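Worth knowing before you read on, the calculation uses all heavy atoms, side chains too, and leaves out hydrogens, waters and symmetry mates. Each chain gets a letter, A, B and so on, in the order the sequences are listed, and its residues count up from 1. Since the structure is predicted, the reported quantities are computational estimates derived from the model, not experimental observations.
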Protein chains: 2
Amino acid sequence: MAYAEVFTALADPTRRHIFEALREQPRTVGELAAGQPVSRPAVSQHLKVLESARLVSGEPRGNRRLYSIKREGLEELRQYLESFWSDALSAYSAEIARRIKEE
Amino acid sequence: MAYAEVFTALADPTRRHIFEALREQPRTVGELAAGQPVSRPAVSQHLKVLESARLVSGEPRGNRRLYSIKREGLEELRQYLESFWSDALSAYSAEIARRIKEE
DNA sequence: ACTTACGGTAAGTCATGGCTTACGCAGAAG
DNA sequence: CTTCTGCGTAAGCCATGACTTACCGTAAGT
């Protein structure tokens, strides 16, 4: 059920921007905020959400905190997607055919 | 940029439930509403969002509308995920190493 | 020690969006 | 033709959440 958190985390545009900024390289909160049209506290709050969705992780670097992408959240999402790919497609088209005949 | 709509569509729990109900077999709006704790109009509105995210499609069956899963939305999401998988990981860990040394 | 820089948290504001009821339209049924 | 069933849409309500400013703790620099 962990993919739910990932969906809500990445549903917000600002949060996606932050996440995609980390895609290039790890960054501090200040750096991330500079690249966004919102305040630094806002970025902090977004990072909290992203972290609890296991999409990023942050570790102290002296005075600052360096955030980087974590793949666990993405992995959960990938598994969710995969489960949709193979299954339910035969039973599915069969059901369509059945209902069409019913008309 | 179409994955954005997919994220927002699947971020809502009710919408995910509806989507996953369609995973088994195509269903009408009434059938979907019966399986959810919300009203039928609410389900209609959710289906509208899911449809514009290309996650489902509906076609008239006489009096009713039969909705079924459409894979385009999922495909866009999958591509987005894939782009995260390979790239940016070498440059990424290199950057971590660089910053650690800077301390 | 004092000051400055960085970042997390608290509190409050405002917009978004998910829900409801009410309504209207189209197809099926009688 | 009238009635009933199934859905979509409109309008309005209310909770959630994204943002702000203000504040506090901690590490670094002087």
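A distance of 8.5 Å separates CG of B/L77 from CG of B/L55, quoted to the nearest 0.5 Å.
Note on A/Y67: a side-chain N or O is less than 4.0 Å away from OP1 or OP2 of C/dG8. When the side-chain nitrogen and oxygen atoms of B/R61 are compared with OP1 and OP2 of C/dG27, none of them lie within a distance under 4.0 Å. One finds a side-chain N or O of A/R64 lying less than 4.0 angstrom from the OP1 or OP2 phosphate oxygen of C/dC6.
Computed from coordinates, the A/L47 CG to C/dG7 P distance equals 10 Å when rounded to whole Å. Taking atom CG of B/L66 as the reference point, atom P of D/dG8 lies 11 Å away to the nearest angstrom. Rounded to a whole Å, the CD atom of B/Q45 is 13 Å from the C1' atom of D/dC13. Distance, B/H46 NE2 to D/dC7 P: 16 Å, rounded to whole Å. With rounding to whole Å, B/E31 atom CD is found 8 Å from D/dC7 atom P. Separating the CD atom of B/E5 from the C1' atom of C/dG17 is a distance of 15 Å, rounded to the nearest angstrom. Nucleotide D/dC7 holds its P atom 13 Å from the CD1 atom of B/I18, rounded to whole Å. Note: CG (B/D12) to P (D/dA15) measures 17 Å, nearest angstrom.
Within the 3.5 Å criterion, the main-chain N or O of B/L10 finds a donor-acceptor partner in the side chain of B/R16.
Distance from the side chain of A/T28 is smallest for C/dG7 among the nucleotides C/dA10, C/dG7, D/dA18. The side chain of A/R65 lies closest to C/dG8 when the candidates are C/dG8, D/dA18, D/dC7. Relative to the side chain of B/S44, the nucleotides D/dG6, D/dT9, D/dT20 differ in distance, and D/dT9 lies closest. Distance from the side chain of B/P41 is smallest to C/dT21 among D/dA28, C/dT21, C/dA10. With distances taken from any side-chain atom of B/N63 to the nucleotides C/dA26, C/dG18, D/dC19, the minimum falls on C/dA26. In the set D/dG8, C/dA11, C/dC6, D/dG8 carries the atom at the smallest distance from any side-chain atom of B/V29. Looking at the side chain of A/V38, the nearest of the listed nucleotides C/dC19, D/dT20, C/dC6 is D/dT20. Proximity note for A/K48 (side chain, C-beta onward) versus D/dG6, C/dG8, C/dT9: the nearest is C/dT9.
Ring geometry for B/Y80 versus B/F7: interplanar angle over 60°, hence perpendicular rather than tilted (30 to 60°).
Between the side chains of A/E5 and A/S52, at least one donor-acceptor pair of N or O atoms lies under 3.5 Å.
Taking the ring centre of A/F84 as origin, the terminal cationic atom of B/R71 falls outside the region bounded by 6.0 Å and 45° from the ring axis.
One N or O donor and one acceptor, one from the side chain of B/R40 and one from the base of D/dG8, sit under 3.5 Å apart.
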